[in-house]
Amino acid sequence: METESEPYVRLASLRQLHRAMADMNTARSLADTLQTVADGVVDALGYELACVNLVRPDGDLVVAALAGNSAAEALITGRTGSRESWDRRLGMGERWGDLVFIPHTEGWVLDDDDVPQWYTDGPAPRFEDEWHPSDRLFAPMYAPGPQGGGTSGELVGVLSVDRPRNGRRPGAWGREALQMYAFQAAIAISNARLRANMQRALVRLERDQQALRASEESFRQAFEYAPSGMAIAEMGGDQHGRILRTNDALCRLLGRPASAMRRYSFSDLVHPEDIGTLLRTSAEGGRAELRLCRRDGTYVWVSLRNSVVADAADGPRFLLTHVEDIEERKRRELQLAHRASHDSLTGLPNSAELRARLSARLCRQQPQGVLPASVDSMEPFESFDSADSFDAAYGPPAFDRGHDFDFPPGAETYDGYDHHVHTVAPATEFDDGAKGLAVLFCDLDGFKSINDRFGHNAGDAVLIEVAHRLAGGVRDGDTVARLGGDEFVILADGLGRADAQDLAVRLRNEIIQPIRAEGRAVRVGASFGIGWAQCGMTADEVLKSADERMYVEKRSRPKQHRRAG
C-alpha cells in the first residue's frame, strides 16, 4: 500500500487490510488478538515496526505485543509506561484526526520519560515529508462510545508505529487506513477481553458448580449415614414445620418409615407436655430436650438442635434438625433425682422432698385477718392432758379464738405472687365447708421392741409394709413421706377437720393389722398428730406443730391401747 500513489490504491492492498481486520476479530484469545493487531500493522499497513500498548486496570499502559523486530520485542514487551507519560504524549504534536504525530523536532523532550521505546538510527531527512528515525506516530484505540455512531469511549490502548516502508510520512489515505484500523482493533480487543472475562466466569462457575455438587454429595452422605437422627423441615408458609426428609437413624429411632415421616411435623410427634418447649426452640441455634412418639405409642427422650438453611434470595427456607437419643441419660438423671428425693428403703418421698412439696404450697405472707400461729410461743405440750385441750389452746388462731375472718374469695395475688391461692387452716370441725392442707404426723408405737427382739431386717420389713399401707390408704395426689426412723408424714389437701380425723383413724386401722416379718406375724400401733399448713408459716413450723400434736395424742391414750399387740 505504501508504494502506491494516492488516491490510486490497488485492490490487493484493500484485500490485505480487510484480511488483517478479519484475523484480529477471529483470534482465539486476548493474547492472540493483541499479536494479530500488531502483525496486521506490519503486514497490511506497510510499517516496519508496530507496538500495542494496552491499558491495564490501574490505568498504566503495558507493552502487550510487538511486531517487526524480534530484538525490540525481547527488550520492551511486558514493560510498563505510566498513564501520566502517555497522556503527555497524546496531548502534544500534530493531530491527524485521531492520530498523534510528534516530529523529531519536538520528540526529543520524551527521550527520558518512562514509556518503553525502541531507538532506530538513520540519516537525516533529505526532503520535507521524509520519515525521520526520531519521528513518532501514535494511533489511540478507543472503545466505541455508549451512543455508537463512531463516538469515542474509554481508552483501550495505543498503537505506536515506526519506519514506513516507503520512507515517507503517511499521506491522507495512509492516515485514514491507520485510524480505521485502530478503531477496529479497539473493537477486537474489547470483544477479546469480554470473551476472556466470560471464559473466566464460566470456569469459575464450573468450579463453583463442581464444588457445590461435591458439597451436596458430602452433605447427602453426612445426612444419610449420620449415626444420630437428622431431619429437614420447611420454614414459613402453610406447610411450616412439615418434615421433608429424614435419615435412617431417625426412622429407626422412632420406628417409622421415611415415607410415613413426611406426613408429620415435629409438633405432631412431640409429647403433649413438651409442645411449648418445641415451639420455643424452633429457631436457628434452638436446643431442647423433649419426648418424641414412636410408632408403638411409647415416647423416647431426645435432644433437638436446629440450624436454619437460608437462601441468598429468599432468606430462611429450611430447618435442619439434629436429633440425638438421650433416653439412657434421662433415665439415669431421673433415677438420680428419685434417689435424691426418695427414701431408699420404702421408696417414699424423703424429708427433703416433703419439705419442698410443703414449701411450694406456702408463701411468706399471712392472709389478712389470720393471726400467725407461732409454735415458738406455745407452752410445752407436756402441760396438756389431751389432744382436745391442745387444740383448744393452739388451733388455728383466726377461727378457734373467735376472731372475725373475712378472707376475700378467690384472692390470688399479693406482693408480686401471681395466681397464688393462700393456704389457710379450716374452721372448727363443725364447719363442713372449710377445707385446708392437713399434715398428719405418724409415729409407730412398739416399733423399737420389734427391732430389739427380731433384728433390723424384721424392722425394715415392718417399715416397708407400713409405707405400702399408708400409700394405699390415701388419695391420688396426696403425699406420703418417710421423715426418718419410724416417723411418717401425710400431706392431704382439701380436707376439713372431720375428714382429717377420719383419715387418721382409717390409716391407724390399716397399720395395726398383723405384718409378716422374718417368718412371723408382728403388730405395731400408730399415733397421729394432725396439723394444718397455712401461709405465713414455714415448712418446719408446720411439721413441728403436727409433731407436737402427735405427742399430745400419744400421751392422751392409755399405754395398752397404743398398739394392738
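- Using a 4.0 Å cut-off between a side-chain N of Lys or Arg and a carboxylate O of Asp or Glu, Glu234 and Arg245 do not qualify as a salt bridge.
- In this structure, the separation between OG1 on Thr479 and CZ on Arg361 is 11.0 Å, given to the nearest 0.5 Å.
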Check step by step if side chain to side chain contact (heavy atoms under 4.5 Å, CB included) holds for Ile102 and Phe138.
CA-CA 8 Å; Ile102 303 176; Phe138 302 115; 3.7 Å; yes

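- In this structure, the separation between CD on Gln210 and OG on Ser215 is 13.5 Å, given to the nearest 0.5 Å.
- Once rounded to the nearest 0.5 Å, the distance linking CG of Leu254 with OG1 of Thr246 reads 9.0 Å.
- The heavy-atom pair separating Ala72 from Leu49 by the smallest distance is CB-CD1, 4.5 Å.
- In summary, Arg19 and Asp23 do not engage in a salt bridge, as defined by a charged side-chain N under 4.0 Å from a carboxylate O.
- The cationic group of Arg242 does not satisfy the cation-pi geometry with Phe266, failing either the under 6.0 Å distance to the six-membered ring centre or the 45° limit from the ring axis.
- Proximity of Val42 to Arg165: side-chain heavy atoms (C-beta onward) are separated by under 4.5 Å at one or more points.
- Proximity of a side-chain donor or acceptor of Asp268 to a complementary backbone N or O of Ser265 within less than 3.5 Å is detected.
- Across all non-hydrogen atoms, the minimal contact from Ala44 to Ala20 is CB-CB, 3.8 Å.
- Between the side chain of Asp60 and the main chain of Arg56, no donor-acceptor pair closer than 3.5 Å is present.
- When side chains are defined from C-beta on, Thr33 counts as touching Arg195, because their heavy atoms get closer than 4.5 Å.
- A donor-acceptor pair is defined here as one N or O able to donate and one able to accept, closer than 3.5 Å; such a pair exists between the side chain of Arg256 and the backbone of Arg294.
- Atom OH of Tyr225 is surrounded by 12 or fewer heavy atoms from other residues, nucleotides or ligands within 6.0 Å.
- Between the side chain of Glu130 and the backbone N or O of Arg126 there is at least one donor-acceptor pair closer than 3.5 Å.
- Enclosure of atom CD in Gln335 by more than 12 non-hydrogen atoms of other residues, nucleotides or ligands within 6.0 angstrom is indicated.
- Under 4.0 Å is where a charged nitrogen must lie from a carboxylate oxygen, and between Arg287 and Glu324 no such pair does.
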Starting from the C-alpha separation in whole Å, work towards a yes-or-no answer on side chain to side chain contact (heavy atoms under 4.5 Å, CB included) for Glu289 and Ile326.
CA-CA 8 Å; Glu289 293 185 356; Ile326 59 171; 3.7 Å; yes

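- The shortest non-hydrogen separation linking Ala182 to Met141 is O-CG, 3.6 Å.
- One finds no salt bridge joining Arg213 and Glu217 here, because no Lys/Arg side-chain nitrogen approaches an Asp/Glu carboxylate oxygen to under 4.0 Å.
- Smallest separation of non-hydrogen atoms from Met92 and Val100: O-CG1, 3.3 Å.
- Taking 4.5 Å as the limit, every side-chain heavy atom of Met24 sits out of range of all side-chain heavy atoms of Asn191.
- Between the Gln184 side chain and the Tyr181 main chain, no donor and acceptor come within less than 3.5 Å of each other.
- Looking at Cys51 and Trp118, their side chains never come closer than 4.5 Å, going by heavy atoms from C-beta outward.
- Of the possible donor and acceptor atoms, none in the side chain of Arg136 sits under 3.5 Å from a partner among the backbone N and O of Val161.
- Classification of Arg291 and Asp325 as a salt-bridged pair fails, no side-chain N sitting under 4.0 Å from a carboxylate O.
- Under a 3.5 Å cut-off, the side chain of Gln179 and the backbone N or O of Asp98 do form a donor-acceptor pair.
- Residues Arg220 and Glu224 are not paired through a salt bridge, judged by the lack of any N-O separation under 4.0 Å between the basic side chain and the carboxylate.
- Side-chain atoms of Asp39 and Gln35 form a donor-acceptor pair, as typed in the model, at a separation below 3.5 Å.
- For the atom pair OH (Tyr299) and CG (Leu269), the distance works out to 9.0 Å, reported to the nearest 0.5 Å.
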Ser344 vs Arg339, side chain to side chain contact (heavy atoms under 4.5 Å, CB included): CA-CA, chis, key distance, verdict
CA-CA 7 Å; Ser344 59; Arg339 291 174 184 172; over 6 Å; no

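- Between Glu84 and Arg88, no side-chain nitrogen of the basic residue sits less than 4.0 Å from a carboxylate oxygen of the acidic one, so the salt-bridge criterion is not met.
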Please evaluate residues His342 and Asn350 with respect to the criterion side-chain hydrogen bond (donor to acceptor under 3.5 Å, both in side chains), reporting the C-alpha separation (whole Å), side-chain torsions for both, the decisive distance (0.1 Å), and the verdict.
CA-CA 5 Å; His342 286 70; Asn350 60 17; over 6 Å; no

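- Counting all heavy atoms, side chain and backbone alike, Ala226 lies closest to Ala249 at O-CB, 3.6 Å.
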Worked verdict on Trp96 versus Arg175 for side chain to side chain contact (heavy atoms under 4.5 Å, CB included):
CA-CA 7 Å; Trp96 294 350; Arg175 300 173 189 176; 3.4 Å; yes

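- In this structure, a donor-acceptor pair under 3.5 Å is absent between the side chains of Asp274 and Thr277.
- Between Pro140 and Leu155 there is a side-chain heavy-atom pair separated by less than 4.5 Å.
- We find the CG-CZ distance between Asn53 and Arg89 to be 9.0 Å, quoted to the nearest 0.5 Å.
- Put simply, the side chain of Leu319 does not reach to within 4.5 Å of the side chain of Ile232, judged on heavy atoms.
- Note: Gln221 CD to Glu216 CD = 12.5 Å, rounded to the nearest 0.5 Å.
- Ser85 and Asp114 are linked by a side-chain donor-acceptor pair at a separation below 3.5 angstrom, with hydrogens and angles left out of the test.
- No donor-acceptor pair closer than 3.5 Å links the side chain of Asp135 to the backbone N or O of Pro103.
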Please assess Lys330 against Glu327 for the test salt bridge (charged side-chain N to carboxylate O under 4.0 Å, His left out), listing each intermediate value before the final yes or no.
CA-CA 5 Å; Lys330 275 293 182 179; Glu327 182 72 17; over 6 Å; no

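- Using a 4.5 Å cut-off on side-chain heavy atoms (C-beta onward), Pro257 and Arg295 make contact.
- Considering every non-hydrogen atom in both Ser190 and Val156, the closest pair reads OG-CG2, 3.8 Å.
- Under the 3.5 Å distance criterion, with hydrogens and angles disregarded, a donor-acceptor pair is assigned to the side chains of Thr298 and Asp296.
- The side-chain heavy atoms of Val37 and Leu159, taken from C-beta on, include a pair separated by under 4.5 Å.
- Between Arg169 and Asp129 there is no salt bridge, since none of the side-chain N atoms of the basic residue sits less than 4.0 Å from a carboxylate O of the acidic one.
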